Amino acid sequence: MFQEMHSKGFQPDHITISSVLSAVGDIERFNIGIQVLCYVIKLGLLHCKFVISALIDMFGKCACAGDLMKAFEETNEELMDVGARNALLTALSRNGLLDVAMEVFERFRVRGRELNVVSWTSMIAGCSQNGKDIEALELFREMQSAGVKPNSVTIPCLLPACGNIAALVHGKAAHGFALRTGIIADVHVSSALVDMYAKCGRIHLSRLCFDRIPNKNSVCWNAIMGGYAMHGKANEAIDIFHLMQQKGHKPDFISFSCVLSACSQGGLTEQGWRFFNSMYEDYGIEAKMEHYSCMVNLLGRSGKLEEAYTMIKQMPFEPHACVWGALLSSCRLHNNIRLGKIAARNLFELEPNNPGNYILLSNIYASKAMWDEVDAVRDVMRSRGMKKNPGCSWIEIKNQVHMLLAGDKSNPQMTEIIEKLHKLSLEMKKAGYLPNTNLVLQDVDEQDKEQILCGHSEKLAVALGLLNTPPGSPLQIIKNLRICGDCHAVIKFISGFEGREIYVRDTNRFHHFKDGVCSCGDFW
DNA sequence: CTAGGGTTAG
């Protein structure tokens, strides 16, 4: 229509341009958008507020952030209102250009441009959605000291950041804010709280928040179910699933992801099959990729590797990497070379640059002392310039989140940390504990292995926590990789010996250590 | 007129 209008010689005005840009954004056809941009420049409409906002919006939706910045640079900043500035910030961080968004945001601040609660909230959302959780918390603090009051949208943007890094103190502060201001009544806020408490290891607080939501929607039910799954409480998750049905809420495909994940954490193979089958039979929901991942994970981890492989072969669509990844990690758990090789071959095609897959395969070989094969895998990694993701842990001590990297000695208290771990290891040996060096699957001698284990970031974080918190207080640690068997055994010991409750969240679940035992019952 | 909550794997 726009092209026809042009060919007939009609001049588009700013309203026409805005409408066209909005349409272009919705269908994500940025090449058309560029043509329209040329028009805008030719017609001298670049100074018009409507057109500027519409342009920003369009480029943001078309995932074309480079052109967006170009448009911004060509725009007279004076002509942008708060709305346009906010649209720009959102568009940048949505397109993976969070750093640029931060710079632009800073520029606006320095130049004294008006920024409102939406501006701050978009930046907080941008950070928490791009893995910059500490930065999100920092922005929230700056926002308040700048005198901008958070609202009912700010809190659900902030809470995922608290959950991601288990910043419980910050999460509780946000909860307090929600109670004081009454925004707790907003179901977005309360469901975000349910999720935050679960991710911070406080599943009972999560449940408390959940029970107090008067108008629960499916997001709330799914959040608590996912929380129980993450804590390995399969039966509680299943109870919630049934309760949800009793209360007349229909489970959706995410509810099934949660309950299947719960079954898989708890090793409930038969229950899992029943849910998987009833999904289509009783609810008409077609199984998606994530449901197949869960099932492969469920079967594989319980040792039914052939059954898991059969399931993959019978899937009605091409399996994604997550499905093969579930099989490969199960093969690592049960050290199955034949299926491990098949899974790895598929993964190398789908994700040629993911170091995790190579590490898993190499570890399967190492478990059988097949060092030549281990070397071959490591050579491929080296030749492609891949490095193992370094292990990393976070711990919150007195409102501050500390990050510890495996083998990184930069923490100012490193000497004390090493000393503490050394003392503990002597105590453990006295108690008859032997370091489980099998789990360091590299061809190194025993003493080196012991040193490598001491460097694991979760142990460093536990030691840092022991040193800096009062005796008897709980510790909370988040890890970016899965916890290894040795760290698991060591932390169990520490929880008993030091009389501490220790919460450790690894990539996919919680371990709650208390009195020398772990809530996972050593199945994970 | 721009900002928001729940899911799978490693």
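Here is the naming used below: chain letters follow the sequence lines, and residue numbers restart at 1 for every chain. Keep in mind that this is a model prediction, so the values were computed, not measured.
- At a threshold of 4.0 angstrom between heavy atoms, the contacts of A:T507 with the nucleic acid are absent.
- Pairs passing the side-chain hydrogen bond (donor to acceptor under 3.5 Å, both in side chains) check and including a residue from residues 177-186 of chain A, sequence neighbours excluded, read A:D186-A:H188.
- Residue A:H188 and nucleotide B:dG4 are classified as a stacked aromatic pair, their ring centres being separated by less than 5.5 Å at an interplanar angle below 30°.
- Less than 4.0 Å separates DNA chain B from at least one heavy atom of each of the following residues of residues 291-324 of chain A: A:C294, A:N297, A:C322.
- Residue pairs meeting the ring-ring contact (aromatic ring centres under 6.0 Å, His included) criterion with at least one partner in residues 318-350 of chain A, sequence neighbours excluded, are A:F348-A:Y358.
- A:S152 comes within 4.0 angstrom of a base, heavy atoms only.
- Nucleic acid contact for A:G325: sugar-phosphate only, since backbone atoms but no base atoms lie under 4.0 Å from a heavy atom of the residue.
- Below 30°, between 30° and 60°, or above 60°: for A:F253 and A:H291 the angle between ring planes is above 60°, a perpendicular geometry.
- Residue side chain A:N217 reaches the base of B:dG5 through a donor-acceptor N/O pair under 3.5 Å, judged by distance alone.
- The side chain to side chain contact (heavy atoms under 4.5 Å, CB included) test applied to A:E103 returns no partner, not counting sequence neighbours.
- Judged by distance alone with a 3.5 Å cut-off, a donor-acceptor contact links the side chain of A:D186 to the base of B:dG4.
- Contact check of residues 117-133 of chain A against DNA chain B (heavy atom, cut-off under 4.0 Å) returns A:V118, A:T121, A:S122, A:Q129.
- Within a heavy-atom distance below 4.0 Å of DNA chain B, no residue of residues 269-280 of chain A is found.
- With hydrogens and angles ignored, a donor-acceptor pair under 3.5 angstrom links the side chain of A:S257 to the base of B:dT7.
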